[in-house]
Amino acid sequence: DTAVSQTPKYLVTQMGNDKSIKCEQNLGHDTMYWYKQDSKKFLKIMFSYNNKELIINETVPNRFSPKSPDKAHLNLHINSLELGDSAVYFCASSQGQGSSTGELFFGEGSRLTVL
Amino acid sequence: KQEVTQIPAALSVPEGENLVLNCSFTDSAIYNLQWFRQDPGKGLTSLLLIQSSQREQTSGRLNASLDKSSGRSTLYIAASQPGDSATYLCAANDYKLSFGAGTTVTVRA
């Protein structure tokens, strides 16, 4: 039973399109994250939600809009896709946040290619 | 702004050798530090989490030490095996996790 699952695994789309990535965790964690891993494999946090509330919002273009309908789900919608958005997007979850952040569990990643 | 550096960027060793992976962070006011493993095309798997009050943490052949005052953590992997080949990342938590670029390890049979 997959702990953190994200769909789709691969997206190939044209510049200017809108796309969504969905994430679900069955670990009962209260905090979920979106990370972006670029072509140099550097992993950078984008957003973090705790109990459906946004707690971390890094310097991300407002074309990226996360949504957490409940604490087990965190989706990422991207408008007007650009070439530079091509990357692997990882969803993760943990119990606790800030000083009480526990182990992070990651999904398998969603590889987005913008043509 | 927290910056995390991992040296070396890549490492190749024969099977059976012990591995030493280094991680340094610029802001020592961290709550904890985590080590992860990433296999090609896969997500990250948590290996060890060291709280700021701890000096080390062990799990099987893995041992991680933390020297908060000097901004350093080291991951030791004893008696390496080909299955240990992967990229190892550390992440320092000072409210949010900041990741290093990783050390890519190849263990030759």
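Here is the naming used below: chain letters follow the sequence lines, and residue numbers restart at 1 for every chain. Note that this is a predicted model, so its numbers are computed, not measured.
- Other residues, nucleotides and ligands contribute at most 12 non-hydrogen atoms within 6.0 Å of the NZ atom of A:Lys44.
- The aromatic ring centroids of A:Tyr33 and A:Tyr49 lie 6.0 Å or more from each other.
- In this structure, the portions of A:Leu104 lying under 4.5 Å from any heavy atom of chain B include both its backbone and its side chain.
- Of the two parts of A:Thr101, the backbone and the side chain both hold a non-hydrogen atom closer than 4.5 Å to a non-hydrogen atom of chain B.
- Proximity to chain A (any heavy atom under 4.5 Å) is restricted, for B:Leu49, to the side chain, taken from C-beta onward.
- Using a 30° and 60° split on the angle between ring planes, B:Phe36 and A:Phe106 fall in the perpendicular class, above 60°.
- At a cut-off of 3.5 Å, with distance as the only test, no side-chain donor of B:Asn93 or B:Gln34 sits close to an acceptor on the other residue.
- Chosen from A:Lys9, A:Gln6, A:Gln97, A:Glu58, the residue pairing most often with chain B at heavy-atom distances under 4.5 Å is A:Glu58.
- Neither the backbone nor the side chain of B:Ile30 comes within less than 4.5 Å of any heavy atom of chain A.
- Looking at A:Leu43, both its backbone and its side chain come within 4.5 Å of chain B, counting heavy atoms on both sides.
- Centroid-to-centroid, the aromatic rings of A:Phe47 and A:Phe64 stay 6.0 Å apart or farther.
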